[in-house]
Amino acid sequence: MEDFDGEESGEDRVASFFGVGDERVKNKKKREIEQPRYDWDGGDFGVYMKEKQRKLHDQFAAQFKPSDPVVKEGNQSQDATRSSTFMHGVHLHVSGWTQPSRETLRELIIKAGGEYHTYYSTKSVTHFVATSLSHARMKSLNEGPKIFIVNPDWVVDSIQQQRRLPEAKYRINLGTDSRQHTLAFHTSTLQSPTKEKNKADAFPEANEDEVDVQDELIVDDTNNDAAIKLDAMRRSGKLLSTSENVNFVKDFFAQSRLHFIGSFRARYEQLMENVAERLGMKSGNALLQDSVTCQEQGEHMFVERIVLHIDMDAFFASCAISVDPSLRGHPVVVCHSSSTSSHAVTSRGEISAANYEARSYGIRAGMFLKTALQMCPHVKSVPYDFELYEKVATKVITLLHAFARLVEVRSVDEAYIDLTGQDTWPVRGKEMKEVKPLKTKSDVDEFCRELRNRIEAETGCTASIGIGSNKLAARLATKKAKPNGIYRILPDETESFVAQLKIRDLPGIGYRTCEKLETELRVKTTEQLRKLSKTALQNVFGANAGVLIYECVRGRSNEKVIPLAARKSISATVGWGVRFGAGDTEYNKAVRFVVSLAEEVADRARQADAVGSRVSVELLKAKSNAGEPYKLLGQGSCDRIRSSASILFAHNQESLRNELTKVCER
DNA sequence: ATCCTCCCCTAC
DNA sequence: TAAGGTAGGGGAGGAT
Ligand SMILES: Nc1ccn([C@H]2C[C@H](O)[C@@H](COP(=O)(O)OP(=O)(O)OP(=O)(O)O)O2)c(=O)n1
Ligand SMILES: [Mg+2]
Ligand SMILES: [Mg+2]
């Protein structure tokens, strides 16, 4: 659908869609309607056409059979008390699946006087523990400063004998997967930039945990019959030409708010260094390990839990208002376009955040500015200020860690805190001088009140807090608390609280799940959902997901509050303003574009001290019946073409990309 | 049973 | 003008 104004025509389409009998005819006659990203971008009115999955992958399947050597990712902790010191000076990092588990190894090493590191870093880690390792990973580990690379038995045996055994006898298997297929090796030459890039990708400096380097590319491939696309290209002209601007990828990321919130986690480790410093702790790792230890200790406490969910109110908008008080009290939205420009009334700039004044007119994140202006002609828009949001987030996260031992930062503007077992506050930083008790309900209330006050005092932005007996309850409570409030759901109230919500309000149940519940299980309300048996849900959603929904609608959740761990994958995607046509020139542009994205991934991997064990690429091709994208220069309705392969040698990557770019040419 | 890959879905 | 990214959970279905 064209845009938000298209509600009526959307309905129109629904009607004619259902009026046609044969699906193939429908697909021919009706333009494809994209899956909505937001409930109000027309999605609830439009039809999502579940079209038969046309797997193009059989086209490549004959040529690649990717496989993954193994994986690593580790996040651990520091807890047990030291009982000996023979491992003193050993800085251990565990990567991937191990026997015994990462948690056990962590405990063992700490008890023996060593130190544990959640993140791998060439600077601090002396011993790298893994069960198996790809050649590429091994090579990169060996390129850095000398560290010991050992299997888990080294730790176990050393502990057993109470001495540090020689590392040499505990070599790691250079693992191969019997299912690994040899990639078709194409000698046909690639553009040289592609080659350079491959190298960069395959051998970053050091190795992090299980890191799956992902290189995604979205190509909207204009086909012969896609006159509409050509038209869009023409209209966008040179100004928007995606592939002509050599800095397109960088520019795009610099402006993208979804990139900003999506890449928060990539910046988190660095951010925690800053937080640790503000709290007078020696390092971000020390802070993190303390939080992990607390989590592990609390795990064995089978008492009623006290979980808080803290979420900033209208975050981006609040930040803007905090530095420009003249905006306070007005309806404010954050987006690229300006509400005072003469073009504002036609603006398809997407709103990122709307303050509560704006929301009272029905304005929501994800809407176009022009729609917001229809709802409220005097709404003020402000541009993005990502640095400001990051600064505010850092202050908030610092406060959270000063107040509580166990913190899980979930995004740039929200976090969970588990207070179970914490009996005083604050726990870190200067204010430790005056320690208060945290035992009764009213102590918790006081804790929350003070936390909210401090956040507002230090940032000029307000936060809301939900209190519950699990993460789900706390999260639902926050929603109720907003804006600028606090709400507690008592343990025995949780179930009845959920009963008064709409299914769509339940976290984890999104647009598609709601749709399935309605069409396949005839369920529209939480009350009806509650009547479904576990089995019925499992039949539709699978064994695990079925139980999750079943528990969720009863207000139950086992999810633990856990400090943010290292990422398991790194990727870069651009799905805006990308158009490639047929022919050699366009093909070469597409290849250059893939390369620039791959370089972006390589940069990010290097920054994270990560090496990939797998590469994947994804292309989007406009469906032949796709209409104009709903969003200006957006991706519209596309087929996805993807492939991945494990990386043992750099040239695999090269051949992979070679193949993939060929596919994109098609 | 468990481990893959490929894919869908969700949330900020 | 406008910047629809990112990462994780999990299922289906095939291979081991
Ligand atoms: N579709 C969205 C949703 C969110 N965000 C950004 C802007 C938000 O300010 C920030 C935090 O998201 P929240 O869901 O927490 O929304 P707000 O903080 O804006 O409002 P609320 O008071 O409901 O938390 O993420 C965005 O850019 N696009
Ligand atoms: Mg918020
Ligand atoms: Mg939030």
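To find a chain, count down the sequence lines: A is the first, B the second, and so on, and within it residues start at 1. Atoms considered below: every heavy atom in the structure, side chains included; atoms not considered: hydrogens, waters and symmetry mates.
Nearest nucleotide to the A/Ser256 side chain, out of C/dG4, C/dG11, B/dC12: C/dG4. If you check C/dG4, C/dA2, C/dG9 against the side chain of A/Lys568, the one that comes closest is C/dG9. The side chain of A/Trp576 lies closest to C/dG5, out of B/dA11, C/dG11, C/dG5. Of the listed nucleotides (C/dG8, C/dT6, C/dG5), C/dG5 has the atom at the smallest distance from the side chain of A/Ile261. The side chain of A/Thr573 lies closest to C/dT6 when the candidates are C/dG4, C/dT6, C/dG8. Proximity note for A/Gln635 (side chain, C-beta onward) versus C/dG4, C/dT6, B/dT10: the nearest is C/dG4. Closest to the A/Ala545 side chain, of the nucleotides C/dT1, C/dG4, C/dG11, is C/dG11. Taking the side chain of A/Ser411 as heavy atoms from C-beta on, and the options B/dT10, C/dT6, B/dC12, the nearest nucleotide is B/dC12. The side chain of A/Arg265 has C/dA7 as its nearest neighbour among C/dT6, C/dA3, C/dA7.
Taking atom CG of residue A/Leu632 and atom P of nucleotide C/dA3, one finds them 8 Å apart after rounding to whole Å. To the nearest angstrom, C1' of B/dC8 lies 16 Å from CD1 of A/Ile509. Put simply, CD1 on A/Ile562 is 10 Å from P on C/dG9, counting in whole angstrom units. Atoms CG (A/Leu472) and P (C/dG9) sit 17 Å apart, rounded to a whole Å. The distance between atom NZ of A/Lys479 and atom P of B/dA11, rounded to the nearest whole Å, is 9 Å. Atom CZ of A/Arg512 is separated from atom C1' of C/dG9 by 17 Å (rounded to the nearest Å). At whole-Å resolution of the value, CZ in A/Phe541 and P in B/dC7 are 22 Å apart. To the nearest angstrom, C1' of C/dG11 lies 13 Å from CD of A/Gln538.
A/Phe315 comes within 4.0 angstrom of no nucleic acid atom, judged by non-hydrogen atoms across all strands. Contacts of A/His336 with the nucleic acid, taken as non-hydrogen atoms under 4.0 Å apart, include base atoms.
With A/Tyr356 as the aromatic partner, A/Arg364 does not meet the cation-pi criteria of under 6.0 angstrom to the ring centre and within 45 degrees of the ring axis. The side-chain tip of A/Arg265 does not point at the ring of A/Tyr268 from less than 6.0 angstrom away and within 45° of straight on.
Between the side chain of A/Thr394 and the backbone N or O of A/Glu390 there is at least one donor-acceptor pair closer than 3.5 Å.
Where A/Arg257 and A/Ala543 meet DNA chain C, the nucleotide closest to each residue was compared, and A/Arg257 sits on the side nearer the 5' end. Sequence order on DNA chain C of the closest nucleotides to A/Ser338 and A/Ser263 puts A/Ser338 first from the 5' end.
Dashed line: the shortest gap from a side-chain N or O of A/Lys516 to OP1 or OP2 of B/dC9 is not under 4.0 Å. Phosphate proximity of C/dA7 to A/Ser571: present, with a side-chain N or O under 4.0 Å from OP1 or OP2. Dashed line: the shortest gap from a side-chain N or O of A/Arg640 to OP1 or OP2 of B/dC6 is not under 4.0 Å. For the pair A/Ser347 and C/dA2, the criterion of a side-chain N or O lying under 4.0 Å from OP1 or OP2 is met. Phosphate proximity of C/dA2 to A/Ser337: present, with a side-chain N or O under 4.0 Å from OP1 or OP2.
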message = Walk me through whether A/Lys471 and A/Glu408 qualify under salt bridge (charged side-chain N to carboxylate O under 4.0 Å, His left out).
response = CA-CA 11 Å; A/Lys471 282 166 93 168; A/Glu408 174 177 344; 2.8 Å; yes
task = Please report the C-alpha distance between A/Phe541 and A/Tyr550 in whole Å, then the side-chain angles of each, then the deciding distance to 0.1 Å, and finally whether the ring pair (Phe, Tyr, Trp, His ring centres under 6.0 Å) criterion is met.
result = CA-CA 11 Å; A/Phe541 299 102; A/Tyr550 182 88; over 10 Å; no
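Donor-acceptor pairing under 3.5 Å is lacking for the side chains of A/Ser464 and A/Asp311. For the residue pair A/Arg592 and A/Ser596, no side-chain donor N or O sits within less than 3.5 Å of a side-chain acceptor on the partner.
Between the side chain of A/Arg37 and the base of C/dG5, at least one donor-acceptor pair of N or O atoms lies under 3.5 Å.
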